[in-house]
There are 2 protein chains.
Amino acid sequence: MDQVAEAAGVSRATVSRVINGAPSVDSKIREMVQRAIAETGYVPNVAARSLVTRRSNSVALVISEPDRPDNHSFLNRIFTDPYFGRITAGATSALRPHDIHLVVIPTDSTDHHQVVRYLRQGHVDGVLLISSHEQDTLPRQVHDLGIPAVVSARPTSPIAVSYVDVDQRLGARLAAEHLLNRGCRALATISGPLDIPSGLDRLDGYRSFLATRGFPTVPSIEGDFTRAGGEAAARQLLTDFPDIDGLFVANDLMAEGALRVFQDLGRRVPDDIAVVGFDDSSAALDCRPLLTTVRQPVEEMAAEMAEVLMAHIATPGRLPRSVTFQPSLVIRDSA
Amino acid sequence: MDQVAEAAGVSRATVSRVINGAPSVDSKIREMVQRAIAETGYVPNVAARSLVTRRSNSVALVISEPDRPDNHSFLNRIFTDPYFGRITAGATSALRPHDIHLVVIPTDSTDHHQVVRYLRQGHVDGVLLISSHEQDTLPRQVHDLGIPAVVSARPTSPIAVSYVDVDQRLGARLAAEHLLNRGCRALATISGPLDIPSGLDRLDGYRSFLATRGFPTVPSIEGDFTRAGGEAAARQLLTDFPDIDGLFVANDLMAEGALRVFQDLGRRVPDDIAVVGFDDSSAALDCRPLLTTVRQPVEEMAAEMAEVLMAHIATPGRLPRSVTFQPSLVIRDSA
DNA sequence: AGCGCCGTTGAGAGCGCTCTCTCCCCGTGG
DNA sequence: CCACGGGGAGAGAGCGCTCTCAACGGCGCT
């Protein structure tokens, strides 16, 4: 920087002004400085800048999932799950125009302290926290750190933190309505894990809506949001309730598994059983028949999370606020 | 830090020694300092540290893919592709024990300068560069920057840079041998994009091996490594060469698409057509029948990239070296 | 002509850490 | 008993940047 200053015949302060686009710089001088920068190939040192501005221009995307016995498969599952992929994509696209970079940090409950340490060290200006499990303590810990944060779903305990969510119950209702409209009368569901709010909300939204339409008891099998889990649940369901004709599956991955089982067992979809998924992930298009599903705009939600986070970073005292997206039904071939 | 020093009754220098694990500290003093750190809740400021050590303890994972007209789908495709997910997982697992974090940077050729600027600014200590397209100029640019880097495949132009790759031709040969051993005699292939070395190498490895076994001409359709591309290619293939009985598909995603087409068209796999994929990604298990495929240990390769990168970072003058992994055949139900 | 103001620039003090260099004190050997 | 050596702690100089504050010069005004 001294070199640039000398080359341009000005002081360091002026070089700094030019670099940071300060308005009160004579245009001639600005030009000289810019030429000097180009000639010397000068690039600001971010560490020095961060030291004084206390900004790192990067945010963490923390993906918190419960323990897995085998760490290898844990990382694999996370980075291979299209849901997290969509989140990453959405956050990246919102952050990029602001020249803010994403540090991706997967974590299970065994290394929360590492994550907390990382955050405290000031590596990042804020956190996008993807945490779904009810008993996850990370949201609270992050909140207590006092660092700007946005979480991906309504926190289970009342924490004053901004979050972005989709109207889960409405989504489930959309699915129920559609199955009803098709004429299905023997309804069931494969739910998500019931220790996850979204799993619970989708199940509850489905059942409570159907209750108002004269279906007081709707059978449900709990799944785990994986394809294999969907297969197992579908088999179970068919064993316990062979006569069902309408099924809501709490995410697309499980629905894909279920579809496969139905095919293997010779049930025609949607004629014998109509199936509605949830997410509208790429998996919905990888199924046969193409999956009718409740669309959750994950990319847009992640982008919104990023926007809200940037607002929090820009104005520290800002009050937390929550944004809820509306799901919509995407009708394809399975229902 | 001053506070800690005062609380422990020592100088800042000693606190620094304790934090960085310098050996020459009296154990009693060390203990006092550690207590003081715990009491004050002190956390080192990483920016200040980076400023003097010139280390950021993070590396960039740059994923360079060619232009896409629509940026949104570009990000989506990258973050949803299991191949990149496995890379991220592998790199993360190797980096984590060293407390090095990953900044994920997708890029198309339109914003290479942004990436270069980011790297020059010293945000990261090194780069893991995922770049497959032949005409991609980023590897060269990164190399010219002089920043430690490891690329994911043998560079097309001779650049003195470390890389990690799998023996593509051997993988293709494994597939060919297996098909031959099954008794297939009407062989074909759906290749990857031919402007990608791995696409080319797999095609060429397949053909040149088969040539030595008395199959001078083997039909091939060029695919694009996507599921939909695989479907289209498979349709085309069946139209052009209705009698084929053995097919090598250059990646699992396309194989999954092809399998679907064969099912729709009533071709039994493997009885009518045996199919071998490439990658052994999760997609191989999502197919029916389960996909026989050439396993590419992507996670291990990414981990190795990270190890090599860390070695380069640790010893700046280190000569570039390349590591080649052996593929292996995973026999399941499709061939 | 003198005064004061505003628009620009420069000087310099940090930001919080590491690391070299110096110093001190103790143990050892002559 | 003194000289010497070495382990261990402290002092202080930066690392490269931003930003406040002061200074300066030109302008319009009285």
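Letters A, B, ... are given to chains in the order of the sequence lines, protein chains preceding strands, and every chain is numbered from 1.
- Annotation: side chain to side chain contact (heavy atoms under 4.5 Å, CB included) contacts of A:Thr53 (sequence neighbours excluded): A:Arg49, A:Arg55.
- In the helix from C:dA1-D:dT30 to C:dG30-D:dC1, the rotation axis of the first five pairs and that of the last five pairs differ in direction by 50°, rounded to 10 degrees.
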Exercise for review: Any chance you could list the contact pattern along nucleotides 17-27 of chain D? Use B for base contacts, S for sugar-phosphate-only contacts and - for none, protein heavy atoms under 4.0 Å, 5' to 3'.
Suggested key: BBBB-------
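- Between the C1' atom of D:dG6 and the CG atom of B:Asp26 lies a distance of 15 Å, rounded to the nearest Å.
- Here the side chains of A:Arg96 and B:Pro106 are in contact, with some heavy-atom distance below 4.5 Å.
- Remark: A:Ser152 engages no residue in a side-chain hydrogen bond (donor to acceptor under 3.5 Å, both in side chains) (not counting sequence neighbours).
- A straight line from CE of A:Met32 to C1' of C:dT9 spans 13 Å, rounded to a whole angstrom.
- Going from atom CE of B:Met310 over to atom CG of B:Leu95 covers 5.5 Å, rounded to the nearest 0.5 Å.
- Regarding B:Glu31, its CD atom lies at a distance of 17 Å from the C1' atom of D:dG8, rounded to whole Å.
- Applying the side chain to side chain contact (heavy atoms under 4.5 Å, CB included) rule to B:Ala303 yields the partners B:Ala94; only residues at least two apart in sequence or on another chain are considered.
- In this structure, A:Arg117 CZ and A:His113 NE2 are separated by 7.0 Å, a value rounded to the nearest 0.5 Å.
- With sequence neighbours excluded, no residue forms a ring-ring contact (aromatic ring centres under 6.0 Å, His included) with A:His112.
- In this structure, A:Tyr118 and A:His123 have parallel ring planes: the angle between them is below the 30° cut-off, well short of the 60° mark.
- When the P atom of C:dA11 is taken as reference, atom CD of A:Glu6 falls 13 Å away, rounded to whole Å.
- Residue A:Val10 is the one, among A:Arg54 and A:Val10, whose nearest nucleotide of DNA chain C lies closer to the 5' end (criterion: closest heavy atom).
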